[in-house]
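I have placed the structure first, in the form of structure tokens, so that the comments after it can refer back to it.
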Amino acid sequence: MRAPHMIGGARRPRENGPEPVPPSHQGCAIDSVRVHLPAQCAGPRAELRDRHEDGHRLHHLVWRLGPGVRVCSSAVLGGGIGPRAWILNAQVPGGYPRLDPDRHLAEIAAAEGLTGPGAGLMTAAEVAAYRTGRDGGVTATVTTGLGVRGWAAAPETTAPESLASQTAAPECAADETATVEAPTPETTVPEFVAAETPTPETTAPETAAPGTEPRTPHRPGTVNIVVVLPVALSDAALVNAVATATEAKVQALLDAGLDCSGTPTDAVCIAAPEPGPDGSEPFAGPRSPWGARIARAVHTAVLAGARPARGLS
């Protein structure tokens with residue numbers, strides 16, 4: 001059932017749970033409709049939604065966690081450790097212009113009717129192309145954009161990063177079709193990968209007029225990972241699970257033949273039940289029972305998303 005909403009003025013949900021103020025001031029029409037659900041599995045499932053926002057057709061994934069779930073994440077909205085009622089992984093257009101991604105995510109959440117505290121991620125990659133890995137009750141859902149990939153321990157840049165480049169919003173320009181910059185004596189050409197949603201025609205960049213800089217668009221560059229577990233984890237194990245998922249991501253990228261550790265805006269969310277009378281799992285490293293399952297599920301999903309970039313699918 002299609003339900004029209006308006007997005008624009010919702011305030012970010014507070015930690016104690018009041019629902020966002022209904023959007024009001026921008027008046028950007030949004031139609032949101034469920035596309036489909038992944039195959040049935042235990043625990044909260046990702047729901048793929050289709051929306052129209054500011055003239056763009058975009059997708060987002062929603063996990064309606066309900067009560068009794070804790071999330072540990074590096075998300076731009078609702079990051080940290082604490083109870084969360086939902087997780088949102090939203091696609092935004094290339095050349096993302098806003099400097100308030102947390103507020104934007106809160107607006108989308110309000111339009112979806114999500115209430116209480118939640119965690120929100122962003123990407124310019126095609127969210128509808130998400131991949132899922134499952135292992136022993138663990139489900140990992142990954143959206144993969146590798147247009148601005150590189151190594152974490154990169155040489156220091158001469159200019160500090162801008163505020164926009166430090167958020168979880170994508171680092172890309174308005175056009176998602178890749179072109180390769182001409183090499184200069186000081187730099188080498190980055191090895192770009194195929195776009196997540198290839199266009200039928202890809203043209204070479206036009207020759208710039210003398211004295212002008214050619215505009216070279218970048219493509220989506222964010223790998224977002226959401227892991228859902230059926231067992232409670234201690235605080236330390238939740239943090240360890242983020243590290244395990246990240247290690248598995250890097251392993252998958254290397255197995256796909258990509259010379260990188262990820263992108264500058266990658267994010268991870270780990271969702272698990274709140275500890276009960278029986279306590280919680282104390283470990284989630286890659287050699288612990290649940291950490292090993294996390295690693296295999298994440299590796300499966302990231303590898304499936306990364307392989308098309310090298311024509312290995």
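Using modelled atom types, no side-chain atom of Glu112 and backbone atom of Leu114 make a donor-acceptor pair closer than 3.5 Å. The main-chain N or O of Ala129 is found under 3.5 Å from a side-chain atom of Arg131 such that the two form a donor-acceptor pair. In this structure, Thr244 contributes its side chain and Ala284 its backbone to a donor-acceptor pair below 3.5 Å. Checking side-chain atoms of Trp86 against main-chain N and O of Gly116 turns up a donor-acceptor pair under 3.5 Å. Between the side chain of Asp266 and the main chain of Val223, a donor-acceptor pair closer than 3.5 Å is present. Side-chain N or O atoms of Thr143 include none that pairs as donor or acceptor with a backbone N or O of Tyr130 at under 3.5 Å. Between the Ser280 side chain and the Pro275 main chain, no donor and acceptor come within less than 3.5 Å of each other.
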task = Check the pair Thr132, Arg134 against side-chain contact (heavy atoms from CB on, under 4.5 Å), reporting the backbone distance first and the verdict last.
result = CA-CA 7 Å; Thr132 301; Arg134 298 184 179 89; 3.7 Å; yes

query = For Arg70 and Asp235, what are the C-alpha separation, side-chain angles and deciding distance, and is it a salt bridge (charged side-chain N to carboxylate O under 4.0 Å, His left out)?
reply = CA-CA 10 Å; Arg70 293 201 306 164; Asp235 285 0; 2.5 Å; yes

message = One pair to check against side-chain contact (heavy atoms from CB on, under 4.5 Å): Val228 and Arg45. What are the steps and the verdict?
response = CA-CA 9 Å; Val228 178; Arg45 294 178 296 163; over 6 Å; no

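Here the CZ atom belonging to Arg98 is positioned 7.0 Å from the CE atom belonging to Met122, to the nearest 0.5 angstrom. The distance from the CD atom of Glu281 to the CG atom of Leu233 is 7.0 Å, given to the nearest 0.5 Å. To the nearest 0.5 Å, atoms CG (Leu65) and CD1 (Ile87) are separated by 4.5 Å.
Both Val239 and Val227 sit in one connected hydrophobic cluster of ILVMFWY residues. Membership requires side-chain heavy atoms under 4.5 Å apart, directly or through other members. Side-chain heavy atoms closer than 4.5 Å link hydrophobic residues (I, L, V, M, F, W, Y) into clusters, and following such links, even through other members, never connects Val138 to Leu303. Criterion: ILVMFWY side-chain heavy atoms under 4.5 Å apart, direct or through other members. Under it, Ile270 and Val250 are not part of a common hydrophobic cluster. Follow the hydrophobic side-chain contacts under 4.5 Å out from Phe283 and you never reach Leu238; the two are in separate clusters.
No side-chain heavy atom of Arg49 sits less than 4.5 Å from a side-chain heavy atom of His59. Using a 4.5 Å cut-off on side-chain heavy atoms (C-beta onward), Val298 and Val268 make no contact. A 4.5 Å side-chain heavy-atom check between Leu121 and Val76 finds every atom pair outside the cut-off. Asp50 places a side-chain heavy atom less than 4.5 Å from the side chain of His52. The closest side-chain heavy-atom distance from Pro264 to Val148 is below 4.5 Å. With a 4.5 Å cut-off on side-chain heavy atoms, Glu47 and Arg64 count as touching. For the pair Pro93/Leu58, a side-chain contact is recorded, criterion being any heavy-atom separation below 4.5 Å from C-beta on.
Of all the heavy atoms in Leu254 and Leu258, the pair that sits closest is CD2-O, 3.5 Å. What you find for Val142 and Ala301 is that their closest heavy atoms are CG2-CB, 3.5 Å.
With respect to the salt-bridge test (charged N to carboxylate O, under 4.0 angstrom), the residues Asp259 and Arg149 do not qualify. Checked for salt-bridge contact, Glu247 and Lys249 miss the test: no charged N lies under 4.0 Å from a carboxylate O.
Partner of Asn224 under the side-chain contact (heavy atoms from CB on, under 4.5 Å) criterion, out of Thr141, Thr265, Asn89: Asn89 alone. Among Ile294, Thr139, Val69, the single residue meeting the side-chain contact (heavy atoms from CB on, under 4.5 Å) criterion with Leu229 is Ile294.
Under the 3.5 Å distance criterion, with hydrogens and angles disregarded, no donor-acceptor pair is assigned to the side chains of Gln91 and His60. Counting only N and O atoms by type, the side chains of His104 and Tyr96 include a donor and acceptor under 3.5 Å apart. For His299 and Asp135, the side-chain atoms include no donor-acceptor pair closer than 3.5 Å.
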